[in-house]
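See structure below.
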Amino acid sequence: MNWVRAAAALLVVAGSFWFSGVAAAQDEGDNGPTITPVAQVEAEDATDIDFDKNQAGIDRARRTLIAIAALMTVALVAYWWHTIPSRRLRVATKRLADQRATIQNVNTDDVAD
């Protein structure tokens with residue numbers, strides 16, 4: 001059962017990395033925002049700034065932050081669900097009952113021989 005949990009956790013982590021990479025993927029012609037030093041801006045005409053590239057970089061950063069926020073929300077819900085006291089008590093009670101049943105079956109098998 002532990003390997004199932006480990007595989008599920010690995011799948012979630014791999015999926016989150018893939019999803020973050022997809023959300024932050026660049027378009028083929030997008031090299032990110034163009035930031036020019038102040039000395040060049042003063043020397044050049046202000047119309048040389050490429051606002052489309054700047055907006056593309058801002059959009060990419062926003063998509064990345066939204067992906068991170070979504071993943072953190074999913075992790076928070078999973079953590080909250082896993083640590084609910086009533087659920088933890090129910091799981092512990094079931095495990096104890098299973099353990100007692102197993103021990104009782106082993107003891108009755110020994111007596112029957």
Side-chain angles (χ1 to χ4, degrees):
M1 189 63 161
N2 287 337
W3 68 271
V4 173
R5 289 183 197 152
L10 181 64
L11 184 63
V12 168
V13 169
S16 66
F17 280 121
W18 178 79
F19 183 71
S20 295
V22 168
Q26 295 182 7
D27 296 331
E28 290 181 20
D30 182 17
N31 294 327
T34 55
I35 300 174
T36 55
V38 175
Q40 286 184 350
V41 172
E42 292 173 354
E44 295 176 4
D45 188 17
T47 59
D48 291 342
I49 297 173
D50 189 1
F51 291 105
D52 291 334
K53 280 191 174 183
N54 287 339
Q55 188 62 40
I58 291 169
D59 289 342
R60 188 173 56 252
R62 189 180 74 233
R63 285 190 307 265
T64 302
L65 290 174
I66 289 171
I68 291 170
L71 293 173
M72 293 303 296
T73 302
V74 169
L76 176 66
V77 168
Y79 175 78
W80 174 76
W81 176 80
H82 185 69
T83 58
I84 296 172
S86 60
R87 181 190 165 279
R88 302 283 296 179
L89 180 62
R90 188 175 60 249
V91 169
T93 304
K94 183 179 181 295
R95 284 184 184 168
L96 182 62
D98 291 345
Q99 184 180 15
R100 285 183 180 169
T102 303
I103 291 172
Q104 188 175 12
N105 287 341
V106 169
N107 290 339
T108 57
D109 289 343
D110 290 341
V111 172
D113 289 336

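As a basis for the values below, the full set of heavy atoms in this structure was taken, side chains included, without hydrogen atoms, waters or symmetry mates. Each residue takes its place number in the sequence, starting with 1.
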Practice prompt. Kindly give the heavy-atom pair with the smallest separation between H82 and R87, and that separation in Å.
Written response: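 Scanning both residues completely, I find the closest heavy atoms to be O-NH1, 3.4 Å.
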Worksheet item: Got a second to check how far T73's OG1 is from I66's CD1, nearest 0.5 Å?
Response: 11.5 Å
Worksheet item: How does the hydrophobic cluster around I84 look, that is, which other residues are in it when side-chain heavy atoms under 4.5 Å mark a link?
Response: W80, W81
Worksheet item: Is the shortest side-chain N to carboxylate O distance from R62 to D59 below 4.0 Å?
Response: yes
